[in-house]
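Small disclaimer: the values here were computed from a predicted structure and weren't measured. When a residue number appears, it is its place in the shown sequence, counting from 1.
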Amino acid sequence: MAKDGPNWDGLLKWSIANSDGTRPTRNLSEEDKRWFMEAMQSQTVDVIKRMKEITMVMQTPEQVLEAQGVTAADIEDMLDELQEHVESIDMANDLHSIGGLVPLLGYLKNSHANIRAKAAEVVSTIVQNNPRSQQLVMEANGLEPLLSNFASDPDVTVRTKALGAISSLIRHNKPGIAAFRLANGYAALRDAVGADSARFQRKALNLIQYLLHENYSDCNVVKELGLPRVMLHLASSEDAEVREAALRGLLELARDKTGGSNGGLGEEDEKLKQILEDRIKGISLMSPEDLGATREERQLVDCLWSTCYKEPSSLREKGLLSLPGEDDPPPDVASKHFEPPLRGWAANHTGDSKPRVKKQEAPLLLGPIPPN
């Protein structure tokens, strides 16, 4: 029985035989060219063609696919493949031109939660750091189903993936940020930070911090929604990443000069001070191993204290802000093994005019020795 796929052993032997320098180059015969191209093209995927095929499936009604035996798991696998293709910015932008963007956005309303979540993940890949695809998704009204899933989907994974897609869609996208505000996105963020999922909370807190950093006027909206109180509560969370995300958001509020002496924190100042003192006390009791994992949190606590109370925190006095060795550059373990040849030669000859006789080591052979 013949093997499936190209004859890789034969291709390898043919390549070595024609490129090892032991014989003069020659022009390939038409038969050799045809065999070589067929061997290579058999392993080459026509991405656009494949994306068109996936688009045709996405355009097919769900009932028809089910009648043909196509399962939700099959659709998820197909979306996984599509996500790999659209990691290229060019392919992401081409998805719209071949008619695939609109049916992909339609999958955000699919009856299967896993498909809704996966579709949001693909959208996030398409728009991430891609202004052209951000514009195309906005023009296709893609923000609306993402906001709907983020705010009210019964599945927390779907809500989390939708929030991730929204974050990628509106980042460095002023029209997207404006549309998010108008759609009452901050109210959905307030609900998200009060959820039970730590991952969902982190994503919501990170988006809040980004939006406040982009526009301090939003501090008033955040304050009216009662978000500072929730963020203060999460600053004592057992999840380290949630604590750090909450502290970053509180720091943005504290830097708001329109909110009085303590920025957008206002009446929450005393509660904040108590929380920071408790965190400083907790940090002071940590073992050296645990301290190493809280570097960013220590810096956030000190920066927040300095911003609010115009003085350094006691972490500085205790020497806990920056531990010994944290700011040192990583050790150079490679240079002594990979010393430049000329530098090594100069080091061996500096200050010694007498020629040295050194046994030359045999070179490392990577292939057959060509004849003289």
Side-chain angles (χ1 to χ4, degrees), residues 47-48 51-52 54-62 65 72 75-76 78-189 191-192 200 203-204 206-208 210-211 214:
V47 176
I48 292 294
M51 287 171 60
K52 288 181 178 179
I54 293 174
T55 295
M56 290 180 63
V57 176
M58 292 192 297
Q59 291 172 337
T60 304
E62 186 176 351
L65 293 177
I75 300 297
E76 289 179 59
M78 181 190 71
L79 292 176
D80 275 328
E81 180 187 348
L82 179 61
Q83 185 173 12
E84 292 180 4
H85 295 323
V86 297
E87 285 177 354
S88 163
I89 288 182
D90 291 335
M91 293 299 104
N93 294 337
D94 285 340
L95 183 64
H96 175 71
S97 62
I98 64 176
L101 181 59
V102 172
L104 172 64
L105 296 175
Y107 270 165
L108 294 170
K109 302 176 182 179
N110 192 273
S111 59
H112 297 278
N114 289 345
I115 293 178
R116 296 196 301 273
K118 191 62 194 180
E121 197 173 345
V122 178
V123 172
S124 181
T125 301
I126 289 172
V127 299
Q128 188 172 20
N129 300 320
N130 189 345
R132 175 58 180 161
S133 282
Q134 286 178 336
Q135 179 184 357
L136 291 172
V137 170
M138 293 295 296
E139 291 175 352
N141 200 28
L143 181 59
E144 181 179 347
L146 287 172
L147 282 169
S148 176
N149 288 359
F150 163 47
S152 58
D153 198 282
D155 189 287
V156 68
T157 301
V158 175
R159 297 182 69 189
T160 304
K161 296 293 185 180
L163 175 55
I166 291 170
S167 298
S168 297
L169 177 60
I170 68 176
R171 192 170 293 269
H172 308 301
N173 176 8
K174 291 183 178 180
I177 292 175
F180 179 81
R181 289 197 195 99
L182 289 174
N184 208 18
Y186 273 110
L189 286 173
D191 296 337
F200 195 31
K203 285 184 175 291
N206 288 334
L207 182 55
I208 292 171
Y210 171 77
L211 292 171
E214 289 295 300

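Note that CD of Q134 and CG of N130 are 7.0 Å apart. Values are rounded to the nearest 0.5 Å. Atom CG of N114 is separated from atom OG1 of T157 by 8.0 Å, given to the nearest 0.5 angstrom. Atom CE in M51 sits 4.0 Å away from atom CD1 in I98 (nearest 0.5 Å).
Contact check for I126 versus L136: no side-chain heavy atoms found under the 4.5 Å cut-off. Contact annotation: the side chain of I75 approaches that of V57 to within less than 4.5 Å [non-hydrogen atoms, C-beta and beyond]. Taking 4.5 Å as the limit, some side-chain heavy atom of I166 sits within range of a side-chain heavy atom of L143. Contact check for D94 versus V47: no side-chain heavy atoms found under the 4.5 Å cut-off.
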Quiz: residues 167-183 side-chain donor-acceptor pairs under 3.5 angstrom, not counting sequence neighbours:
| residue | atom | partner | partner atom | Å |
| --- | --- | --- | --- | --- |
| S167 | OG | L163 | O | 3.0 |
| S168 | OG | S124 | OG | 3.1 |
| S168 | OG | G164 | O | 3.3 |
| N173 | OD1 | G176 | N | 3.2 |
| N173 | ND2 | L169 | O | 2.9 |
| R181 | NE | D218 | OD1 | 3.1 |
| R181 | NE | D218 | OD2 | 2.9 |
| R181 | NH2 | D218 | OD2 | 3.3 |

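A pairwise comparison of heavy atoms in L108 and G142 identifies CD1-O, 4.4 Å as the closest pair. Closest non-hydrogen pair, A140 versus L105, comes out as CB-CD1, 3.7 Å. Contact record, A119 with L79: N-CD1, 4.1 Å, taken as the closest heavy-atom pair.
Between D153 and R116 a salt bridge is recorded (basic side-chain N to carboxylate O distance below 4.0 Å).
Residues passing the side-chain contact (heavy atoms from CB on, under 4.5 Å) test with Q135, sequence neighbours excluded: R132, E139.
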